[in-house]
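One structure is given here, and the rest of the page talks about it.
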Number of protein chains: 2
Amino acid sequence: MQVQTNYDLTTILAGFRSLSDPIRLSVVELLQAQELCVCDLCEKLDISQSKLSFHLKILKEAGLIRPRQAGRWIYYSLNLPQFVVLEQYLSEYRRFSPVLPARVCKD
Amino acid sequence: MQVQTNYDLTTILAGFRSLSDPIRLSVVELLQAQELCVCDLCEKLDISQSKLSFHLKILKEAGLIRPRQAGRWIYYSLNLPQFVVLEQYLSEYRRFSPVLPARVCKD
DNA sequence: AAATTATTTCAATTCAAGTTGATGCAAGTT
DNA sequence: AACTTGCATCAACTTGAATTGAAATAATTT
């Protein structure tokens with residue numbers, strides 16, 4: 001409740017959901033090193049193109065990656081600010097963590 | 001690939017998946033303030049007990065929360081180290097990322 | 001020991017997410 | 001203009017996750 005009224009929860013949820021799939025996690029790990037086009041990713045991950053496209057869309061809609069068109073290739077790269085948003089969301093848990101005693105459950 | 005061979009990818013995935021559901025995110029936000037028993041969470045979230053129990057189990061298995069039994073109540077609290085693991089996983093993207101020039105949208 | 005309370009588990013159902021192959025589209029090539 | 005290439009989208013299908021109500025368990029009280 002007190003953690004972040006300043007973040008958009010929907011975006012946070014979409015971000016975590018995007019990163020909760022092994023293929024998508026592999027994608028961002030590959031993109032972490034360098035910008036890659038779809039066919040590169042396809043090859044490196046050894047999955048079908050339409051399957052990859054599906055996952056790229058989810059990552060893109062979560063704001064974690066962004067496309068750049070160059071001729072007929074589309075290069076994807078990480079959108080770091082969105083990673084930072086997620087990172088900072090998580091950091092709030094640590095930062096404001098209580099040293100409060102447990103509430104006693106009494107009726 | 002290059003990001004973290006030192007993390008267990010399965011744990012990371014489970015962590016993100018756990019945080020990708022609105023109910024579970026609400027749970028950890030409530031627990032961020034203080035330890036709570038199941039009945040408290042149930043009441044605050046206004047959901048059925050079995051439903052909550054299902055989500056608590058997922059969070060617990062992801063290592064994000066942990067139970068503490070006191071009599072017939074079970075108090076759940078955050079397991080901060082696991083939040084830190086996720087936070088640090090995300091931070092690696094920022095830290096080792098190639099410094100790209102800010103791209104200006106020219107539409 | 002029976003009754004009560006807090007919580008988990010189970011089986012059945014519903015709903016959302018992932019996969020597949022085909023089709024469409026836009027950019028580049030001939 | 002027709003053809004190819006790189007990618008996205010669609011519809012049908014398969015799989016997995018979430019919800020529900022009922023039953024099971026376990027600690028507590030009477």
What is the distance from [atom1] of [X] to [atom2] of [N], rounded to the nearest Å?
| X | N | atom1 | atom2 | answer |
| --- | --- | --- | --- | --- |
| A:Glu43 | D:dT5 | CD | C1' | 15 Å |
| B:Arg68 | D:dA26 | CZ | P | 20 Å |
| B:Arg24 | C:dA16 | CZ | P | 15 Å |
| A:Asp21 | D:dT15 | CG | P | 16 Å |
| A:Arg72 | D:dG6 | CZ | P | 6 Å |
| B:Asp46 | D:dT20 | CG | P | 11 Å |
| B:Ile23 | C:dA16 | CD1 | P | 13 Å |
| A:Ile74 | C:dG28 | CD1 | P | 11 Å |

Is it the case that the base of D:dA27 and the side chain of B:Gln69 share a donor-acceptor contact (distance under 3.5 Å, atom types as modelled)?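 Answer is no: no donor-acceptor pair is held.
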Indicate, with a heavy-atom threshold strictly under 4.0 Å, whether A:Cys42 touches base, sugar-phosphate, or nothing.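 No contact.
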Which part of the nucleic acid does B:Tyr76 contact within heavy-atom distance under 4.0 Å: base, sugar-phosphate only, or nothing?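 The residue B:Tyr76 makes sugar-phosphate contact but no base contact.
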Would you call [X] and [Y] a side-chain contact if the rule is heavy atoms closer than 4.5 Å?
| X | Y | answer |
| --- | --- | --- |
| A:Ile65 | A:Leu59 | yes |
| B:Leu90 | A:Val84 | no |
| A:Arg68 | A:Ser77 | no |
| A:Leu78 | A:Leu64 | no |

Single-linkage hydrophobic cluster A:Val28~B:Phe16, side-chain heavy atoms < 4.5 angstrom: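 Yes; B:Phe16 is reachable from A:Val28 via cluster members.
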Using the rule that two of Ile, Leu, Val, Met, Phe, Trp, Tyr join whenever any of their side-chain heavy atoms come within less than 4.5 Å, decide whether A:Trp73 and A:Leu31 are in one cluster.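 No.
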Non-neighbouring partners of B:Thr11 that pass side-chain contact (heavy atoms from CB on, under 4.5 Å), sequence neighbours left out: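 If we apply the side-chain contact (heavy atoms from CB on, under 4.5 Å) test to B:Thr11, skipping adjacent residues, the hits are B:Asp8, B:Gln82.
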5' precedence on DNA chain C between A:Gln49 and A:Gly71 (nearest-nucleotide basis):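 It is A:Gln49 whose nearest nucleotide is closer to the 5' end.
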Within residues 50-58 of chain B: residues closer than 4.0 Å to DNA chain D (heavy atoms):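 When residues 50-58 of chain B is checked for heavy atoms under 4.0 Å from DNA chain D, the hits, listed by number, are B:Ser50, B:Lys51, B:Phe54, B:His55, B:Ile58.
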